Amino acid sequence: MRNITEIAASVRRGERINVDDALTLWREAPLWLLGELATERKRVMSGEKVYYNRNVHIEPSNICLFNCEFCSFRRREGDSDAWYMSLDDIEARARALRGRNITEVHIVGGVHPNHDLDTYCAMIRRVKRALPYVAVKAYTAVEIFYMIRREGISVVEGLRRLVDAGMEAIPGGGAEIFDTELRKKICPDKCSSEEWLAVHRAAHNMGIATNCTMLYGHIETLEQRVDHLERLRKLQDEAPGFDAFIPLKYRSRNNRMSAVGECSVEDDMRMIAMSRIYLDNIPHIKAYWVAYGKPTTEMALSFGADDIDGTIEDTTKIYSMAGADAKPHMSVEELEALVRSAGFVPVERDTHYNEVDAERWAAQLASYKDNAASEARTEKKEVKREKDVVDSRKSDITGDRAEKSVEPMVEKRKEEARRAATRPTRSAATGSVAEGKMAMKPKKADANKGRGRLKEYRNRYPVIAHILLIGIFALLLIVVLYIGLLSGTRHGKTIVVPDFRGMSIEDARGIADDHSLGIIVRDSIFDVDLPGGTVVDQLPRTSDVRDVTVKPGRKIYVTVNAYNRRMVEVPYVAKQTLRQALNQLERVGLTVDKLIYEPDMTSTDYVLRQMVDGREIEPTTSMRVHVGSGVTLYVSYKSEDAHGVVPRLIGLSYVQARSSVWDSGLNIGNVVYDDSVEDIVMRRKARVYRQSLYQGSSASRGTSVSLYLSCDEALVDSLRKVAEAEAKRLEEQRRKEEQRRKAEAEEAI
Ligand code: V47
C-alpha cells in the first residue's frame, strides 16, 4: 500500500491510481492537497477553461413506473400533482424557446406506462421540428433499456431508431450507484448496473456521445463510490465515449430517504476532486449547479470541475422537488461571472464541447438551412408520391367514368342495393325461382363435368395429381406471403443505399433526392488532399460485400470534408503518459508529428514536453492550430527500455497501425499505397500488407516503420494469415526460451 506522498507524486506524474490508492487519498489526504492535485489534472485536461452551455430540460411526465427511494420527483397516475405532456405540448414548449440561442435540449422524465419507443422517438422529432438546430440529449440509459426491452429489439437497433429520430447524445442519469446490493435497496426497479453500462457501451461503439453520473452522499460507502468510478473508467478504456462525469449530490427533501440527510460541502469537494483524479480518461467533470447551488459550484471549480452545466431557464423540477433552488435559471452573464470569480475563463460550449463562437454558429445555421432544404425536397417528393398513389387509386375506382358526374354512380349503387334487398336469396339457394335456377343450371353442369374429369385423372395418375396439388398450394403460399410482405413494408419499396463516398455533397444530395432519400451532414473532417465538400463517410453504408436497403424517406448521415480547416486549441499534454497524451490529442483532432525519445532515470513512456511548429507548449500557452496538425512529443525512457518490440501491423488500417506503432515506442516512416487504392477516399479502406520492420524484432525507441497498404482484400488476407502464423511461432519460441532460461537459473542455484 502506498502512502499519501507516494500517491500524490504519482498523480503529479500523470500516472493512473488504483482502487487502494483512491481509498487512501479519499480518507487521509488533507482537503487542500486534493484540491491541488485535482486542479493540476484539470489544467492538463482543459487548461484555464470552464464550460457552460445554453440549455433547457423537457420533463414530459413525472408519472413513473419505477419507485426509487431517493426520488422526490415521481408521482403515480391520478396523483393531484402528476403531470403529463402530450406530443403537442412538447412541441409547443420547444417552439416557445425559439430565438433564445439554446444549443441543447435535455429530455428526461419518469418511465411512463404509456410510452413506447415510437412515442420517445416522436418526442425527439417534435423537438427537432420546433428547434431543428439544437442538439437533443435524450433519455437516461434506464429509460432506453426499458423502451428497448418493451419493444423486444436489440440495444443497437433501439439506439439506431433514436438516432434516426434526432437523438445526438445520451445524458448520464440513472447510474445511481453500481453496487448491486445497494442498488437493490435504493432503486430496485431500475435496470442493473451491467445493463446501464451495456447501453452506454453500445452507444459509444456507435459513436454516440454520452455522460455518466453517480448519486452520492446517501448511504453508500467510500468503497462503493470507488467501485463505481472504477467501472466507469474501465468502460471508457474499452469503449471511449463519455464526455463528462457528473457527481450528483443526493438532496433529501420530500422522499423516502429524507432521514439520511445531506452530506457536507467538504464531502462534495472530496467527491469532485477524487472524480477528476481517478477518471483520468473522461475529459470533463461537471459540477451541476442546479444540484449544488451557486456557492458550492464556485468552490467545486477549485477541486477539478471544468463544467457547470447551463442556463436551464427554469425547466427542470428533479432538484427543486428535492430541496434545491425553486426556479433554477442562470443567465450567461451570471454563469460567466461565477466562473471568473473562481479564477477561470468561461467558455460557452455546445453538447459536444465544441466552443460556440459566432462563426461556428453561423456555419451551423447555414448547414442546417442546407439540410432543411434537402429534407423539404424529400418531404415534398414523399407527399407527391403519396398523392400519386391516392390519385391512381381514385382512377382505379372510377376508371374511364372519371369524367362522368357522381350522381349516376350513386344512383346505380342505390339501384343495385334496391335489387339486392328484393332479391329472393333463399329461393336462389333452393332453386325455387325459375329465373335463378335457369341462370345456375349450365354453370353447375359445367362444373360437375369438370370435377368428374378431375376425379378420373386423380384416380388414374395419383402421384402426378398429388405433385400438382402440392405445387398449387406452394404457389398460393408464395403469393400470400408476397402480398403480406408488400403491405407490411410500405408498399414493399426498398432502396439500395448508394455509395456516396467520394462524391461532392451537392451530387450526393441530387442522387439521394432521386432515390427519395435524405442527406444529413453529421460530421466534418479536414483532409488537405480532398476538395471541400467531399463525402468521406456515410451511415448506413452499402459495403463491398453487402447491399444495405432502406425505405424511402430514410436519412443517410454523412461525414464531409470541410471547406475551411477548423482551428482547435492545442491541449497541454506533457506530464502524463504517452497513451493519455495520444488520447487527448486525438480527441481534439490533432496528430503526432514525431515521437522523440530521451533517456530518463525514473520513467518510460512519460511525455516530458511538447512542441508545435517549433514552439514549446507550456500549461498556460494558448495556441490554436488547424485540425489535423501534428505535435512533436518528447518522451522518456529508462535505459532498460531502450528497445521496443515491433508489433504486427499486417491486416490493420492506417489509423490502427499508427496507434500500435506509437504504443510500441516507434515512429511512422513512409506510407505507401499500391495501385488498388485509386483515390483518397479508398485510403480509409486500405489495410497494411507489408511493414518495413519485421514483426517481433527489436528496434531502438523512436525508429521509423514504413507501411505499405492495399485495398486488394485477397492479398491482405493471405499475408495477414502468414503474419498471424509467424506471430504464433514467435510466441512459442519466446515461451520456450523463457522456460529454458528459468531451468538454467534453477540449475545454477
Ligand atoms: O438519475 C434523482 C438524480 C438524475 C435525486 O448528463 C437525484 O448532462 C439527487 O442525470 N437527489 C437525473 N439526485 C439527472 C441527471 C442529469 C442532470 C444534469 C445533467 C445531466 C447530464 C444529467 O438525478 C437521476 C438521479 O441520479 N436524482 N433524485 C435526489 N433526490
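Because only heavy atoms are used, hydrogens play no part in the values below, and waters and symmetry mates are left out as well, while side chains stay in. Just so you know, these numbers come straight off a predicted model, no measurement behind them. In listed order, ligands and their atoms are each counted from 1.
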- Item | Working for side chain to side chain contact (heavy atoms under 4.5 Å, CB included), residues Q584 and R587 | CA-CA 5 Å; Q584 225 182 315; R587 261 198 307 270; 3.4 Å; yes
[X] versus ligand 1: do any nitrogen or oxygen atoms come within less than 3.5 Å of each other?
X	value
G172	yes
H57	no
T213	no
Y288	no
L248	no
G174	yes
K286	yes

Distance under 4.0 Å to a non-hydrogen atom of [X]: what atoms of ligand 1 satisfy this?
X	result
N255	30 (N)
E176	1 (O), 24 (C), 25 (C), 26 (O)
I246	6 (O), 8 (O), 20 (C), 21 (C)
G173	1 (O), 10 (O)
R251	9 (C), 11 (N), 29 (C), 30 (N)
A322	30 (N)
L215	7 (C), 9 (C), 13 (N)
P171	6 (O)

Please write down residue, atom name and distance for the protein heavy atom closest to [atom].
atom	result
atom 9 (C) of ligand 1	K249 O, 3.1 Å
atom 23 (O) of ligand 1	Y319 OH, 3.4 Å
atom 16 (C) of ligand 1	H106 CE1, 4.0 Å
atom 12 (C) of ligand 1	I318 CD1, 4.1 Å

Could you check whether atom [atom1] of [X] has more than 12 heavy atoms from other residues, nucleotides or ligands sitting under 6.0 Å from it?
X	atom1	value
K317	NZ	no
R149	CZ	no
R98	CZ	yes
R74	CZ	yes
R150	CZ	yes

Does [X] reach ligand 1, in the sense of a heavy atom lying below 4.0 Å from it?
X	answer
R253	no
T140	no
M257	no
M321	no
F73	no

- Answer whether the closest heavy-atom distance between the side chains of E59 and M85 falls below 4.5 Å. no
Please tell me whether [X] and [Y] form a close aromatic pair, meaning their ring centres lie under 6.0 Å apart.
X	Y	answer
Y51	H284	yes
Y319	Y288	yes
F178	W196	yes
Y250	F70	no

- Item | Option nearest atom 5 (C) of ligand 1 (shortest heavy-atom distance, choices F245, W289, F242, F70) |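 Looking at heavy atoms only, the winner is F70.
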- Item | H112 and its ring pair (Phe, Tyr, Trp, His ring centres under 6.0 Å) partner, picked from Y146, W83, Y84 |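 The option that passes is Y84.
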- Message: Assess the residue pair H200 and F242 against the criterion (ring-ring contact (aromatic ring centres under 6.0 Å, His included)); give the C-alpha distance rounded to whole Å, side-chain angles, the decisive distance to 0.1 Å, and a yes or no.
- Response: CA-CA 8 Å; H200 283 262; F242 288 131; 5.6 Å; yes
- Could you tell me whether the side chains of R233 and Y278 share a donor-acceptor contact shorter than 3.5 Å?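 Yes, because at least one side-chain N or O of R233 sits under 3.5 Å from a partner of the opposite role on Y278.
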- Quiz item: cation-pi between R349 and Y52, 6.0 Å / 45°: no
